Engineer: 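Have a look at this one.
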Amino acid sequence: MEGIFGKLFEKLWFKPISIVVLVILHFLLIPTLMPSQEESYTVFFIVCILIFILDLYYLKCFMKHFRLPKAKEKDLAILFVIDVANNKQFKDCQRKIIKHFSETIISNQIPFKVLYIQYHNLKKIDIKLEKDQKKLLEKTNCRYLIQIKIDSDDDDNANNYEMTINTGVIYSAYNQEQHQKFLKELYNISLNCRTLRYEKKEKIQVLHFTTEQMAYACKYIFGLTYLLDGNLDQAEIIFRELLLLVNQKKIKDPVGKILNKILPLRCWEIQFLLAIKYYEEYNDTEKEESIDKMHIHLNNANEYYPNTYGYYLNMAIYHVLKNRAINEAKSCIKKCKEITPNGSWKYSEAFLLAYESHSPLTIYRKYKQAFRVEFNLQRLTIFIERILDEEPDKNILRFALGLLYNEIGNTQLMQKNFKDFLNNNNKILDDKLIRLLKDKFSIEYETHLKVLEFKNLN
């Protein structure tokens with residue numbers, strides 16, 4: 001009876017119109033309680049006070065029923081939207097899923113918040129629509145949502161019921177590429193936990209198995225969220241612990257197999273991102289320790305996934321920046337060429353030839369081939385200009401900069417670098433190069449020739 005009464009009360013009195021009905025009832029009821037002149041007002045005041053206390057309690061319950069949970073601005077939080085038939089199922093869901101997420105957070109000391117709300121309390125929000133999902137996440141300050149639906153409407157009498165977990169959209173702060181990556185990863189890792197069937201006669205055994213799966217899945221979700229949020233240190237801690245746990249227990253269930261496959265990739269990604277971070281730091285500060293840390297993290301990444309294209313390409317950069325080990329850098333570029341025949345390594349190859357002072361026409365042909373591959377040319381010019389600042393005698397690099405700025409579309413810097421190349425050149429140029437400079441880049445060689453003749457006379 002209590003369940004029926006509670007459900008009926010919730011249906012009738014937890015609606016916006018209920019407040020209006022309550023006010024009307026007060027206007028109708030209070031005059032009838034007014035005592036006559038001969039009667040004492042004591043009982044009336046006591047009744048009014050009791051009604052007032054009940055009103056306050058009702059308003060508190062009403063506001064709690066409709067109020068959206070909200071995380072703090074700096075919190076990383078997950079929002080569960082639970083679609084159930086009654087409060088018993090809601091509490092059951094809290095115990096089986098939400099509580100476990102919370103316990104995972106506490107036991108692993110993860111600074112993550114878990115919020116939840118019943119589906120029928122969402123007013124004017126259709127979580128089937130992506131725009132409404134984002135609106136809900138923004139209002140609650142959550143990173144992403146998970147929808148849970150219990151498919152049986154009577155888990156007391158049914159022999160079994162199913163709990164379906166559907167992953168939601170990521171917080172709108174992420175870009176589209178991260179959004180798609182997150183959803184794909186989350187789908188893969190939770191695929192075998194998405195529908196959980198509970199049979200009463202073996203509820204304990206089934207629950208134990210699915211809870212273990214959920215432990216790995218939710219911990220991975222936390223790590224992935226930190227990774228996409230840029231908190232690489234926290235993500236690395238979570239992924240390493242989870243990888244160690246999976247390897248120690250030799251988990252063979254579907255979730256364990258997926259984790260065995262993707263956790264090394266995530267750990268590799270973190271080490272690679274840290275290497276890039278310290279390379280960027282070196283560009284800003286030129287601190288030697290930054291380039292050393294880049295080297296350490298590249299080697300760490302190589303332990304998870306050996307001999308990747310990215311590893312060899314960035315090791316080539318390291319060899320040049322650290323000690324101008326050109327032969328080692330060329331060996332790395334050769335490995336890149338074997339892995340990806342038509343890759344961005346072509347820019348590195350062209351640079352290394354320019355650094356070794358090969359002929360300008362050779363450099364022109366190499367960069368012409370490289371320009372067919374998309375690349376951030378602006379970053380490349382910064383790299384070459386830094387090398388030139390340190391070694392101004394590497395004159396062919398000025399010619400390379402002219403080619404790069406021409407491709408970028410900066411005519412002023414293109415002409416400046418070609419003229420600097422000519423002014424620092426002490427050799428007679430090839431006729432083909434003279435025609436190339438004049439016809440392709442509008443650089444007149446005659447002026448430079450007069451300057452060169454004047455230098456030779458003196």
Side-chain angles (χ1 to χ4, degrees), residues 276 279 282-283 291 294 298 308-425 427 429-430 432-443:
I276 299 301
Y279 173 59
Y282 174 80
N283 284 336
I291 203 69
M294 170 193 175
L298 281 174
T308 62
Y309 178 86
Y311 169 74
Y312 285 119
L313 190 66
N314 283 278
M315 281 299 294
I317 295 172
Y318 165 77
H319 286 306
V320 172
L321 293 177
K322 180 65 179 176
N323 49 19
R324 300 296 192 268
I326 301 304
N327 288 334
E328 286 83 351
K330 288 169 73 173
S331 297
C332 290
I333 296 306
K334 184 179 178 181
K335 293 288 185 181
C336 289
K337 186 176 181 179
E338 292 171 0
I339 297 168
T340 307
N342 192 34
S344 58
W345 56 266
K346 293 183 178 182
Y347 290 95
S348 298
E349 182 185 53
F351 162 77
L352 291 172
L353 291 173
Y355 183 85
E356 291 182 316
S357 300
H358 285 252
S359 74
L361 286 174
T362 299
I363 306 306
Y364 171 72
R365 286 192 292 269
K366 288 296 182 180
Y367 272 112
K368 188 176 179 181
Q369 294 172 4
F371 290 147
R372 296 169 187 167
V373 180
E374 188 176 347
F375 197 73
N376 188 334
L377 300 184
Q378 198 66 52
R379 291 172 65 87
L380 189 53
T381 60
I382 294 170
F383 179 86
I384 295 176
E385 284 167 355
R386 170 166 286 166
I387 301 295
L388 260 176
D389 287 341
E390 296 173 0
E391 301 180 72
D393 59 313
K394 298 294 183 182
N395 191 41
I396 302 297
L397 290 179
R398 295 184 177 92
F399 179 79
L401 280 172
L403 295 173
L404 288 167
Y405 278 119
N406 177 69
E407 188 69 18
I408 291 171
N410 191 327
T411 305
Q412 184 178 357
L413 286 177
M414 177 268 288
Q415 291 181 342
K416 177 185 179 303
N417 278 281
F418 278 139
K419 288 176 181 178
D420 286 347
F421 160 70
L422 292 174
N423 291 334
N424 285 276
N425 181 58
K427 299 177 182 178
L429 298 183
D430 188 282
K432 291 181 180 179
L433 179 59
I434 295 171
R435 288 196 299 272
L436 176 70
L437 289 169
K438 182 177 181 179
D439 298 341
K440 185 79 174 176
F441 307 110
S442 302
I443 303 295

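This structure is a prediction, so every number in the text was calculated from the model and none was measured. The analysis underlying the following values was restricted to heavy atoms, covering all of them including side chains, and did not include hydrogens, waters or symmetry mates.
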Engineer: Provide the full list of ring pair (Phe, Tyr, Trp, His ring centres under 6.0 Å) pairs with a residue in residues 325-346, sequence neighbours left out, each pair given once.
Structural biologist: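 For residues 325-346, and leaving out neighbouring residues, there are no ring pair (Phe, Tyr, Trp, His ring centres under 6.0 Å) pairs at all.
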
Engineer: With ring pair (Phe, Tyr, Trp, His ring centres under 6.0 Å) as the rule and sequence neighbours excluded, what pairs involving residues 319-341 come up?
Structural biologist: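 For residues 319-341, and leaving out neighbouring residues, there are no ring pair (Phe, Tyr, Trp, His ring centres under 6.0 Å) pairs at all.
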
Engineer: Any pair with a residue in residues 329-340 that passes side-chain hydrogen bond (donor to acceptor under 3.5 Å, both in side chains), sequence neighbours left out, goes on the list, sorted by first then second residue, please.
Structural biologist: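 Listed by first then second residue: K330-E356.
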
Engineer: Check whether any side-chain heavy atom of I396 sits under 4.5 Å from a side-chain heavy atom of P360, and report yes or no.
Structural biologist: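 Contact flag for I396/P360 side chains = yes.
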
Engineer: Any salt bridge (Lys or Arg N to Asp or Glu O under 4.0 Å) involving residues 361-373? Give me the pairs, sequence neighbours left out, ordered by first then second residue.
Structural biologist: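 Residue pairs passing salt bridge (Lys or Arg N to Asp or Glu O under 4.0 Å), neighbours aside: E349-K366.
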
Engineer: For Y312, which residues count as a side chain to side chain donor-acceptor pair (under 3.5 Å) partner, sequence neighbours excluded?
Structural biologist: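 Only N307 meet the side chain to side chain donor-acceptor pair (under 3.5 Å) criterion with Y312.
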
Engineer: Would you say the side-chain atoms of N406 pair up with the backbone N or O of G402, donor to acceptor, closer than 3.5 Å?
Structural biologist: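 Judged by distance alone, no pair lies under 3.5 Å.
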
Engineer: Is any side-chain heavy atom of F371 less than 4.5 Å from a side-chain heavy atom of L377?
Structural biologist: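 The answer is yes, as the side chains (C-beta and beyond) meet within the 4.5 Å cut-off.
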
Engineer: Could you check whether any side-chain N or O of Y347 sits under 3.5 Å from a backbone N or O of A370, counting only pairs where one atom can act as donor and the other as acceptor?
Structural biologist: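 It does hold such a pair.
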
Engineer: Look at the rings of F441 and Y364 and say which category their plane angle falls in: under 30° parallel, 30 to 60° tilted, over 60° perpendicular.
Structural biologist: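 Geometry flag for Y364 against F441: perpendicular rings.
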
Engineer: Pairs of donor and acceptor atoms involving the side chains of residues 386-393, under 3.5 Å and at least two apart or interchain, shall be tabulated with distances.
Structural biologist:
residue : atom : partner : partner atom : Å
R386    : NH1  : N283    : OD1          : 3.0
R386    : NH2  : N283    : O            : 2.6
R386    : NH2  : E286    : OE2          : 3.4
E390    : OE1  : R324    : NH2          : 2.4
E391    : OE1  : Y355    : OH           : 2.8
E391    : OE2  : R324    : NE           : 2.5
E391    : OE2  : R324    : NH2          : 3.4
E391    : OE2  : Y355    : OH           : 2.8

Engineer: Working to the nearest 0.5 Å, report the span between CZ of F351 and CG of L397.
Structural biologist: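 If we round to the nearest 0.5 Å, F351:CZ and L397:CG are 5.5 Å apart.
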
